[in-house]
Amino acid sequence: MAVLSEEQEMLRDMAREWVVNESPVAKFRAVRASGEPRAYDLATYATMAQMGWTGVIIPEAFGGTDFGWLSAGMIFEEMGKTVTASPLMATTLTAAAIMLGGSDEQKAKWLPQLASGAVIGTLAIDEGPHHAPHRLATTVANGRLTGTKAFVHEAHDAALFVVAAADGLYVVEADSAENAGSVRVATRHLADMRSHALVMFEGASAEKLAAGPEDLLDQLLDRARILTACEMLGMAQAVFDTTLDYLKQRVQFNQALSSFQALQHRMADLFGELAMMRSAVEGGLQALDAGMMVAQAATIAKAEANRVLHIISREGVQLHGGIGMTDEYDIGFYLKRARVLESSWGSTSFLKDRFAKISGY
Amino acid sequence: MATRPMTDKDAATDAFRQEVCQFLTDHFPPELKGKGNPMAGIESDLRETEPQRRWRESMGSRGWGTPTWPTAYGGGGLSRKQAAILSEELTRAGAYNPIGGMGVMMFGPTLLEYGNEQQKQEHIPPICRGEIRWCQGYSEPNAGSDLANLQTTAEDKGDHYLVNGQKTWTSGGQWADKCFCLVRTDRSDKHKGISFLLIDMRAPGVEVRPIRMISGLSPFCETFFTDVKVPKENLVGREGEGWTIGKRLLQHERTNLSGGGSTGRMTGQRLPDLAKKYHETDASGALADKVLRDRIADFEIRWGAFLLTARRAAEESKAQGGVSEISSVLKKLGTKLGQERSELIIGIMGLQGLGWEGEGFSETELAGVRAWLFGKATTIYGGSTEIQNNIIAKRVLGMLDHQ
Ligand SMILES: Cc1cc2nc3c(=O)[nH]c(=O)nc-3n(C[C@H](O)[C@H](O)[C@H](O)COP(=O)(O)OP(=O)(O)OC[C@H]3O[C@@H](n4cnc5c(N)ncnc54)[C@H](O)[C@@H]3O)c2cc1C
């Protein structure tokens, strides 16, 4: 665990306690049972906003708390532990896009609304089932954006889309009178039962985020990779902890399963993997806060998150035996969510290739 | 190339091949071409279409669904060589063996070995015809890997047993006609107190409750027995012989499961073809994603080695007379590879390969997800991979039993 400031420690403890008490996995079950395409609980999200979680990375001048990336990451880790569904990450990344590339005017217009939770935002980048951010067909002509975005997270309630076009990032206001009918959202049900959609922009009025650096899109995606890795870390930790508890409690052959050396070594191996994952993910957050070597750190964070969560989510089911295969038991939720996140913002193939490129080989 | 002189044996083989081809022409409904066996999976209900029924009856009445079983009990009575020809010709015609399920895979072979004449006459022919579905009543809430800890009791009541207790994870229990069950007839000895009993799932006092799985389906059940009367003649072997018989059955199960369970069967598509459908190729036709290409090649090489291992094991077991502890090695390897294949398939399709339901996904994509999730069970049931490792270490390698 990274060394935290007193403030950060308070925030983490608060998040930990809140998630356990107010957003246990049972909440997600209820959301799933409701069948609502938005796939999150409105009241839960409203409370998150009240607690200031929507503004953690946003400067105070724009209504945020400016607690930084490490703080934001800890919140996502805690949420990952109970597969808490919410548009918090999508909204945080929308704010990040505007902070990185927005004009003063755009910042003044959007950041306070994102910080307060009044506006939900999301990123619309990829156009197919694989992450391929540099092969985009979306175009903008005369301020009108046209293109189709695949598997956009949390699109159902989003009022603001950050859309990647061939020539840069744009913001599209989905709710504006001008855009009535030109932003269409078609639900795509994935195994994790969260909000995913195909989003079609048909000549939607769009404003460019023109103030950013040359590699604005990459910088934004690195933030998405790191925050996603935080959620994955929480998931891996939860699966590990649940599995360890189960092995200590389940008796076969007149002894606790945890007394079998074969299983002790398995858990010891996973514990080592989890340590690597945690360091990689926290390294990503620290790189963001320091503004150094972010591309490298983000690639390592997401690649390790992919690798380790893949193993732990698989082993978690296996080590539970038959009960791990039941819907009544929570562990399957983590397995299904894991594969969706592994594919989002860069599969392992993508990340290995990117790592080699960044490193110059 | 010099031609080998034709022997009588070759002539007989040729004649048999012709017989099979003729049979296929006469009886295989063309509309079933390329379709899978609805009975092979334990994860689905058996709802036959009319052509499926006809095809099952044609094969069943000839005994060719259980080709090497004795004709006296409705089997095909074929030699292994003939059975191989039959299987080749079925594949060539795009046909499948319509007889399957636990009766064929595990119970039948075990009963042929341990059952008495009357039991074989009663139970084997309906299995050969695919008329009766069997389920497996082994596991209980506190008897999973430690199967011998089972507590369901069968009390001797003179002309019948009175069965009480709970089984769990009973695959297909809600669709099965009968259950081969391990029950306790003696509390004083963990292993020698177990007996192998056949229970009618329609008997009064049998209740099943389906359990929902992570794949969204409910292919298995909790099974409750409350004062169920079971005729004495349904005991297979002697009282107390259940552990020996039950373990033998597991060897058959493991040999069958090593195909990777449903995972191995899913999407007949070759991985490279699938990858080319979802990914770009370069000018030479190679996958542009080199990491993926490497993963697929790595998998395909090991899969090839596994198939060779399975073949070698089959030849050896033939020479040694039947299934053996090598079934543990096959089960462990085959199920692991089957799961890897499933993971590769959904990985290749990206988020498109994680569709759950509704619009935007092909049938293959949706089936892939369910099969991927269901496939996670293959390393748990039939004795988990960890238990196979214990068997290999102790029985095959002679390592110390520290438990
Ligand atoms: C889809 C599905 C279908 C099934 N169908 C049937 C059926 O039709 N009939 C039936 O009777 N049963 C069926 N089963 C049950 C299956 O056989 C059991 O789940 C299996 O034996 C494991 O038992 P368990 O679930 O109690 O796990 P446990 O025995 O509690 O095991 C939990 C974990 O601990 C490990 N473990 C246990 N003991 C040891 C040890 N000594 N050393 C190292 N590791 C160990 C296991 O490998 C596993 O990873 C089915 C199960 C599934 C998932």
Side-chain angles (χ1 to χ4, degrees), chain A residues 37 126 128-132 135 150-151 186-193 196-198 250-255 257 259-263 266 310 313-314 317-333 335-337 339-340 342-344 347-353 356, chain B residues 139 141-149 168-169 190 211-218 220 278-280 289-295 339 343 346-361 365-366 369-370 372-374 376-377 379-381 384-386 389-390 393 402-403:
Chain A
D126 287 312
H130 305 287
H131 182 56
R135 256 178 294 139
F151 302 106
T187 301
R188 288 290 178 269
H189 289 287
L190 295 186
D192 66 350
M193 301 286 173
H196 304 280
L198 185 76
R250 169 80 172 161
V251 174
Q252 286 286 272
F253 306 99
N254 295 320
Q255 55 197 101
L257 289 179
S259 65
F260 291 117
Q261 199 168 51
L263 300 184
R266 283 272 274 288
H310 189 94
S313 58
R314 181 191 72 208
V317 171
Q318 175 67 20
L319 293 174
H320 274 79
I323 204 166
M325 289 297 297
T326 63
D327 186 74
E328 201 181 325
Y329 211 75
D330 293 338
I331 204 143
F333 290 153
L335 176 67
K336 290 181 250 188
R337 177 75 173 158
R339 296 302 177 272
V340 171
E342 282 169 41
S343 263
S344 302
S347 65
T348 300
S349 288
F350 177 94
L351 295 164
K352 283 181 180 172
D353 181 61
Chain B
S139 306
N142 288 313
S145 296
D146 184 11
L147 181 59
N149 190 41
T168 192
W169 319 126
K190 187 170 178 176
I211 308 172
R212 190 156 165 224
M213 220 165 30
I214 56 174
S215 62
L217 309 171
S218 302
F220 56 14
Y278 287 85
H279 292 266
E280 287 170 16
D289 182 337
K290 294 301 174 227
V291 181
L292 179 64
R293 183 168 181 262
D294 177 271
R295 271 181 77 198
Q339 289 184 353
E343 291 281 6
I346 59 166
I348 285 169
M349 300 193 287
L351 289 169
Q352 199 65 38
L354 286 162
W356 189 251
E357 62 192 7
E359 271 182 36
F361 305 101
E365 287 162 353
L366 293 175
V369 182
R370 309 286 174 140
W372 160 63
L373 287 168
F374 183 82
K376 293 290 176 220
T379 49
I380 296 170
Y381 61 47
S384 68
T385 297
E386 291 72 25
N389 280 343
N390 283 343
H402 65 87
Q403 283 171 21

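Heavy-atom basis, side chains included; hydrogens, waters and symmetry copies ignored. Below, read A as the first sequence line, B as the second, and so on, with proteins coming before strands; counting in each chain starts at 1.
- Contact annotation for A:Ala262: neither backbone nor side-chain heavy atoms come within less than 4.5 Å of a heavy atom of chain B.
- A:Lys336 places a side-chain N or O within donor-acceptor distance of the main-chain N or O of B:Ile214, the cut-off being under 3.5 Å.
- Contact check for B:Leu354 versus A:Asp192: no side-chain heavy atoms found under the 4.5 Å cut-off.
- Most heavy-atom pairs under 4.5 Å with chain A: of the set B:Pro141, B:Gly358, B:Ser145, this distinction falls to B:Ser145.
- Using a 4.5 Å cut-off between heavy atoms, A:Leu198 does not touch chain B at all.
- In this structure, B:Glu359 contributes its side chain and A:Arg188 its backbone to no donor-acceptor pair below 3.5 Å.
- Residue B:Ala148: no heavy atom, backbone or side chain, is found under 4.5 Å from chain A.
- Between chain B and the residues A:Arg266, A:Glu328, A:Met325, the largest count of heavy-atom pairs under 4.5 Å involves A:Met325.
- In this structure, no portion of B:Leu366 lies under 4.5 Å from any heavy atom of chain A.
- Of the possible donor and acceptor atoms, one in the side chain of A:Gln252 sits under 3.5 Å from a partner among the backbone N and O of B:Gly144.
- Only the side chain of A:His310 comes within less than 4.5 Å of a heavy atom in chain B; its backbone stays farther off.
- Here the OG atom belonging to A:Ser347 is positioned 11.5 Å from the CD1 atom belonging to B:Ile348, to the nearest 0.5 angstrom.
- Contacts of B:Glu280 with chain A are made by side-chain atoms alone, with heavy-atom separations under 4.5 Å and no backbone atom involved.
- Interface remark: A:Leu335 contributes backbone and side-chain atoms alike to the contact with chain B (heavy atom separation under 4.5 Å).
- Residues B:Asp146 and A:Val251 form no side-chain contact, since every pair of their non-hydrogen atoms from C-beta on lies 4.5 Å or further apart.
- Chosen from B:Asp294, B:Leu351, B:Val291, the residue pairing most often with chain A at heavy-atom distances under 4.5 Å is B:Leu351.
- Annotation: side chain of B:Leu292 is not in contact with side chain of A:Phe350 (no heavy-atom distance under 4.5 Å).
- For A:Thr187, the side chain to side chain donor-acceptor pair (under 3.5 Å) partners at least two apart in sequence or on another chain are A:His156.
- With a 4.5 Å cut-off on side-chain heavy atoms, A:Arg339 and B:Trp372 count as touching.
- Heavy-atom distances place no part of B:Ser139 under 4.5 Å from chain A, backbone and side chain included.
- The contact between B:Asn142 and chain A is made by backbone and side chain atoms together, counting heavy-atom distances below 4.5 Å.
- Using a 30° and 60° split on the angle between ring planes, B:Tyr278 and A:His130 fall in the perpendicular class, above 60°.
- Of the listed residues (A:Val340, A:Val317, A:Thr348), the one with the most heavy-atom contacts under 4.5 Å to chain B is A:Val340.
- For chain A, the option among B:Lys190, B:Lys290, B:His279 with the highest count of heavy-atom pairs below 4.5 Å is B:His279.
- B:Ser384 places a side-chain heavy atom less than 4.5 Å from the side chain of A:Gln318.
- Between A:Arg314 and B:Lys376 the shortest side-chain heavy-atom distance falls below 4.5 Å.
- Put simply, the side chain of B:Gln352 never gets that close to the backbone of A:Pro129: no donor and acceptor are under 3.5 Å apart.
- The CZ atom of B:Phe361 sits 5.0 Å away from the CG atom of A:Leu190 when rounded to the nearest 0.5 Å.
- Under the 4.5 Å side-chain criterion, counting only non-hydrogen atoms from C-beta, B:Glu343 is not in contact with A:Glu342.
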